[in-house]
Amino acid sequence: MKDIYLYNSISNNKEKFIPIKEGKVSIYVCGPTVYNEPHIGNLRPPIVFDVLYRFLMYLGYEVTYVSNYTDVDDKIINRAKELNVEPLKLSSFYIEEFKKMREKMNILSPTYTPKVSEHISDIISYIEKLIEKGYAYVSEGDVYFSVDKIDDYLLLSKMKKEDLIAGARIEVNEKKKSPLDFALWKKTDEDFNWTSPWSKGRPGWHTECVVFIDKIFEDQNGLIDIHGGGFDLKFPHHDNEVAQAFAMHSHHLANYWMHNGFITFGNDEKMSKSLGNVITISDALKQCEPNVLRTFILSSSYRAPISYNEINLTNAKNNFEKIDNTYHALSLRLLFLDDDLNYQKSEDIDSFIDALKDDLNTSNAYKALFDLTKEINTYLHRGIDELNILKTYFEKFKTMLDILGYKMNTPIVSNEDKLLYNNYITAKKNKDFAKSDALRTILIKKGLY
């Protein structure tokens, strides 16, 4: 059996996956900042890591999967002011919208979904420890992390400190000892604040994830197997997470860092709310059903950018139509034979599994899936109803679809439909072609052939 290999953003190479604890996998994926309706760019990480989650569970791992909600942030506050609502009321609304989207897209709920607002005391305690260790300092009520104390700062992005300063990528702030230092706690006079030892304020963005990991995976000393998120999070968010984890525990927070590429739009520019070129998930679902969007996102390598355009969506629609037609035809044949479609997961899908073991190569996994659809359709067209063969095909097909996260519509067959089909088969065997053609026409009209 092949080993799992994952592309690690720290080494920029594929590496053999060896979990911290045998038989168990810990995953953390940065979740959304909930201040507006999610767009399809927000959809890629949940779908990519949903497949990874499903795949690892298929292999028999006990997976603890965490993805947070950032419900304390300047974007939320500014948006709440525009709408004249309380920030937490706004964020709560969009958290529910995100949950609805997850359900529509058949994305499994993570094991834990922590919110910043519910862990302020944990964040304050973490910052206090960083100050005690000499990695953070207080300045006029703010708290900053001192990046000069970390030798390999910018480990993930591979940027250079001098280039960041020269390129004005860092805001000038006289409270900081170094322009690269980042805020752990922000003093504010806004109503939306909490009391801390330093001031009334709120956490900076970069501390919440390391705090959640530290708390949930305390038995692993705040070290996890896999940390995931969008490519754009490498800097500053993930670099800053790594810095804090190293300051706290002398490790890089995760053994494997996985970053998905962007969903681009128009002239291959990144899709984002700030650029105003977004397609919301609700608008996308008006164009195509959830399974088609899932096909669109998974048809390419998770690390490569994909463009939201008519050609790619049409390809996704056509590819899912092949999947759906095969599933429908195979399900019908089994149901006509009084099978209830209960199935065991298949262990005989080696080419499909090998593709996913190769850095979650969904492109090659689809190749294996479509090879199976051809084989199934060839068998169905022969008109031979061997129940064991049909069940074996169904188990293979359904296992693949489950790992890829498809929620399929199973046809409903009545006893009258079964009788109609059996009469059709009998007429065909008796070479009563007039009768068999007439019965087949009825089956086609009922969507049963």
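Sequence positions, counted from 1, serve as the residue numbers for this chain.
- In this structure a side-chain-to-backbone donor-acceptor pair under 3.5 Å is missing from Glu289 to Val292.
- The local environment of CG in Asn409 is sparse, with at most 12 non-hydrogen atoms from other residues, nucleotides or ligands closer than 6.0 Å.
- The shortest side-chain heavy-atom distance between Met57 and Phe55 does not fall under the 4.5 Å cut-off.
- Within a 6.0 Å sphere centred on NZ of Lys99, other residues, nucleotides and ligands contribute more than 12 heavy atoms.
- Within 6.0 Å of NZ on Lys160 lie no more than 12 heavy atoms contributed by other residues, nucleotides or ligands.
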| field | Verdict with reasoning, Tyr406 to Phe320, per ring pair (Phe, Tyr, Trp, His ring centres under 6.0 Å) | value | CA-CA 10 Å; Tyr406 286 106; Phe320 178 68; 5.6 Å; yes
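- Using a 4.5 Å cut-off on side-chain heavy atoms (C-beta onward), Ile18 and Tyr256 make contact.
- Listed by chain and residue number, Glu86 satisfy the side chain to side chain contact (heavy atoms under 4.5 Å, CB included) test with Lys89 (two or more places apart in sequence, or in another chain).
- Under a 3.5 Å cut-off, the side chain of Lys407 and the backbone N or O of Asn106 do not form any donor-acceptor pair.
- Within 6.0 Å of atom CG in Asp151, 12 or fewer heavy atoms from other residues, nucleotides or ligands are found, so the atom counts as exposed in its surroundings.
- With contacts defined as side-chain heavy-atom distances shorter than 4.5 Å, the pair Leu334/Lys391 qualifies.
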| request: Apply the test salt bridge (charged side-chain N to carboxylate O under 4.0 Å, His left out) to residues Lys16 and Asp3: give CA-CA distance (whole Å), side-chain angles for both, the deciding distance (0.1 Å), then the verdict. | output: CA-CA 7 Å; Lys16 181 179 175 181; Asp3 295 315; 3.5 Å; yes
| request: Verify side chain to side chain donor-acceptor pair (under 3.5 Å) between Glu375 and Tyr393, making sure each step is shown before the conclusion. | output: CA-CA 9 Å; Glu375 193 177 333; Tyr393 275 134; 3.0 Å; yes
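- At least one donor-acceptor pair under 3.5 Å links the side chain of Asp225 to the backbone N or O of Ile20.
- Paired with Asp359 under the rule side chain to side chain donor-acceptor pair (under 3.5 Å), one option of Tyr5, Tyr7, Tyr302 passes, and it is Tyr302.
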| query | Do Tyr28 and Asn68 pass the side chain to side chain donor-acceptor pair (under 3.5 Å) test, and can you show the C-alpha distance, the side-chain angles, and the key distance before you say yes or no? | reply | CA-CA 8 Å; Tyr28 187 96; Asn68 68 306; 3.2 Å; yes
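- Tested against His227 for a ring-ring contact (aromatic ring centres under 6.0 Å, His included), the candidates His238, His259, His251, His237 yield a single pass: His238.
- Contact annotation: the side chain of Ile76 never approaches that of Arg79 to less than 4.5 Å [non-hydrogen atoms, C-beta and beyond].
- For the pair Ile123/Ile127, a side-chain contact is recorded, criterion being any heavy-atom separation below 4.5 Å from C-beta on.
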| task | Assess whether side chain to side chain donor-acceptor pair (under 3.5 Å) is satisfied between Ser125 and Asp122, documenting all intermediate values. | result | CA-CA 5 Å; Ser125 296; Asp122 296 320; 5.6 Å; no
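- Looking at Lys158, its side chain does come within 3.5 Å of a backbone N or O of Leu155 through a donor-acceptor pair.
- The side-chain heavy atoms of Ile27 and Ile224, taken from C-beta on, include no pair separated by under 4.5 Å.
- Counting heavy atoms from C-beta on, the side chains of Lys115 and Ile95 come closer than 4.5 Å.
- When every heavy atom of Glu15 is checked against every heavy atom of Asn8, the shortest pair comes out as OE1-ND2, 3.2 Å.
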Indicate every side-chain donor-acceptor pair of residues 107-114 with a distance under 3.5 Å to a residue at least two apart or in another chain.
| residue | atom | partner | partner atom | Å |
| --- | --- | --- | --- | --- |
| Thr111 | OG1 | Tyr65 | N | 2.9 |
| Thr111 | OG1 | Tyr65 | O | 3.3 |

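- Judged by the 6.0 Å and 45° rule, Lys345 forms a cation-pi pair with Tyr58.
- A 4.5 Å side-chain heavy-atom check between Leu59 and Ile4 finds at least one atom pair inside the cut-off.
- Summarising the local packing, CD of Gln287 is surrounded by more than 12 heavy atoms from other residues, nucleotides or ligands at distances under 6.0 Å.
- The closest donor-acceptor contact from the side chain of Asp71 to the backbone of Val34 lies at 3.5 Å or more, if one exists at all.
- No more than 12 heavy-atom neighbours from other residues, nucleotides or ligands sit within 6.0 angstrom of CG on Asn388.
- For the pair Thr362 (side chain) and Ala365 (backbone), a donor-acceptor distance under 3.5 Å is absent.
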| So Asp358 and Lys14, salt bridge (charged side-chain N to carboxylate O under 4.0 Å, His left out) or not? Walk me through it. | CA-CA 9 Å; Asp358 181 19; Lys14 287 183 188 177; 2.7 Å; yes
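- No side-chain donor-acceptor contact under 3.5 Å links Asn364 to the backbone of Ala355.
- Formation of a donor-acceptor pair under 3.5 Å by the Arg44 side chain with backbone atoms of Gly261 is found in this model.
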| query | Going through the distances and angles, do Tyr421 and Arg333 end up as a side chain to side chain donor-acceptor pair (under 3.5 Å)? | reply | CA-CA 9 Å; Tyr421 180 78; Arg333 193 68 64 87; 3.2 Å; yes
| Working for salt bridge (charged side-chain N to carboxylate O under 4.0 Å, His left out), residues Arg54 and Asp402 | CA-CA 8 Å; Arg54 292 168 182 270; Asp402 284 349; 5.7 Å; no
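- Taking the salt bridge (charged side-chain N to carboxylate O under 4.0 Å, His left out) definition, one finds that Asp283 meets it with Lys286, sequence neighbours left out.
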